[in-house]
Amino acid sequence: MKKFKIGVISLLPVLVIAIIGVLTVHTSATDRLNPLVSETVSYAKVPENTQNYKQVTIINPKDGKTRAYKIKQVGGYDPNQKYIKIHHKGQYVKSISYIKKISFITNNKNF
């Protein structure tokens with residue numbers, strides 16, 4: 001019984017550090033697990049002739065303004081398109097869909 005208590009007490013700080021890490025560090029993996037990060041939809045203009053988008057500036061569809069953070073990496077599947085709709089939870093990108101320029105402009109007042 002004494003060994004069990006020592007084991008539980010020694011694992012407690014590790015568990016606390018892991019929880020703090022998930023709540024404060026923003027990567028694709030931690031944002032996927034973090035219950036405090038809400039799932040949202042954003043829009044972005046991405047470069048053509050590539051399928052690997054880095055440091056993507058995202059736009060809030062409600063007010064048309066850029067969000068305070070950029071998504072570090074987004075993978076695409078059509079190198080000829082340049083406007084995307086991103087379903088994401090912080091840095092974790094759940095899915096993307098390519099949209100037409102007119103939809104992008106309609107949803108984003110600053111463009």
Side-chain angles (χ1 to χ4, degrees):
M1 187 66 157
K2 188 174 181 179
K3 288 182 180 182
F4 178 75
K5 287 182 182 179
I6 292 172
V8 169
I9 291 172
S10 64
L11 286 178
L12 194 59
V14 173
L15 184 62
V16 169
I17 290 170
I19 290 171
I20 290 171
V22 166
L23 296 177
T24 59
V25 175
H26 293 285
T27 65
S28 179
T30 58
D31 283 351
R32 184 177 191 173
L33 299 173
N34 190 342
L36 301 177
V37 177
S38 62
E39 191 171 315
T40 187
V41 174
S42 298
Y43 293 87
K45 183 176 178 182
V46 293
E48 288 183 281
N49 302 321
T50 184
Q51 294 175 323
N52 190 13
Y53 314 121
K54 295 183 189 266
Q55 295 298 323
V56 176
T57 301
I58 53 177
I59 299 166
N60 185 346
K62 293 178 183 167
D63 59 10
K65 296 181 180 177
T66 58
R67 293 197 187 261
Y69 62 95
K70 294 182 179 186
I71 296 183
K72 293 176 187 170
Q73 185 170 358
V74 179
Y77 52 89
D78 190 347
N80 298 322
Q81 299 289 331
K82 61 195 233 182
Y83 300 102
I84 60 175
K85 180 178 180 180
I86 308 169
H87 295 269
H88 65 100
K89 186 176 175 189
Q91 292 293 321
Y92 169 66
V93 177
K94 188 172 187 176
S95 68
I96 71 164
S97 55
Y98 288 95
I99 58 173
K100 301 282 184 210
K101 183 176 183 177
I102 191 70
S103 299
F104 182 79
I105 293 171
T106 303
N107 288 314
N108 304 293
K109 298 151 188 82
N110 292 342
F111 284 90

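Distance check, rounded to the nearest 0.5 Å: OG1 of Thr50 to NZ of Lys82 gives 14.5 Å. To the nearest 0.5 Å, the span separating NZ on Lys89 from CD on Glu39 amounts to 7.5 Å. Atom NZ of Lys62 and atom OG1 of Thr40 lie 6.0 Å apart (nearest 0.5 Å). Rounding to the nearest 0.5 Å places CD of Glu48 at 8.0 Å from CD of Gln81. Here CG of Asp78 is found 9.0 Å from CD1 of Ile96. Values are rounded to the nearest 0.5 Å. Atom CD1 of residue Ile71 and atom CD1 of residue Ile86 lie 4.5 Å apart, to the nearest 0.5 angstrom.
Within the 4.5 Å cutoff, no side-chain heavy atoms of Val25 are placed close to those of Asp31. Tyr92 is not listed as a side-chain neighbour of Leu33, based on a closest heavy-atom distance of 4.5 Å or more. Between Asn60 and Lys65 the shortest side-chain heavy-atom distance does not fall below 4.5 Å. Two residues are said to be in side-chain contact when any heavy atoms from C-beta on lie closer than 4.5 Å; Lys72 and Lys54 fail this criterion. At a threshold of 4.5 Å between non-hydrogen side-chain atoms, the residues Val46 and Val74 do not count as touching. Contact of the Val93 side chain with the His87 side chain is not registered, since no non-hydrogen atoms from C-beta on lie closer than 4.5 Å. The shortest side-chain heavy-atom distance between Tyr43 and Ile99 falls under the 4.5 Å cut-off.
The minimum heavy-atom distance between Arg67 and Pro61, with the atom names listed, is NH2-CD, 3.9 Å. The two residues Ser42 and Ile58 have their closest heavy-atom pair at CB-CB, 3.9 Å. Nearest heavy atoms, Gly7 versus Ser10: O-OG, 2.9 Å. Of all the heavy atoms in Tyr77 and Tyr98, the pair that sits closest is N-OH, 3.2 Å. Pro79 and Gln51 get closest at one heavy-atom pair: CD-NE2, 3.4 Å.
In this structure, Leu15 is not a member of the same hydrophobic cluster as Phe4, with clusters built from ILVMFWY side-chain heavy atoms closer than 4.5 Å. Criterion: ILVMFWY side-chain heavy atoms under 4.5 Å apart, direct or through other members. Under it, Val41 and Tyr69 are not part of a common hydrophobic cluster.
By the side chain to side chain contact (heavy atoms under 4.5 Å, CB included) test, Ile20 pairs with Val16, Thr24, sequence neighbours left out. Not a single salt bridge (Lys or Arg N to Asp or Glu O under 4.0 Å) links Lys70 to another residue, sequence neighbours left out.
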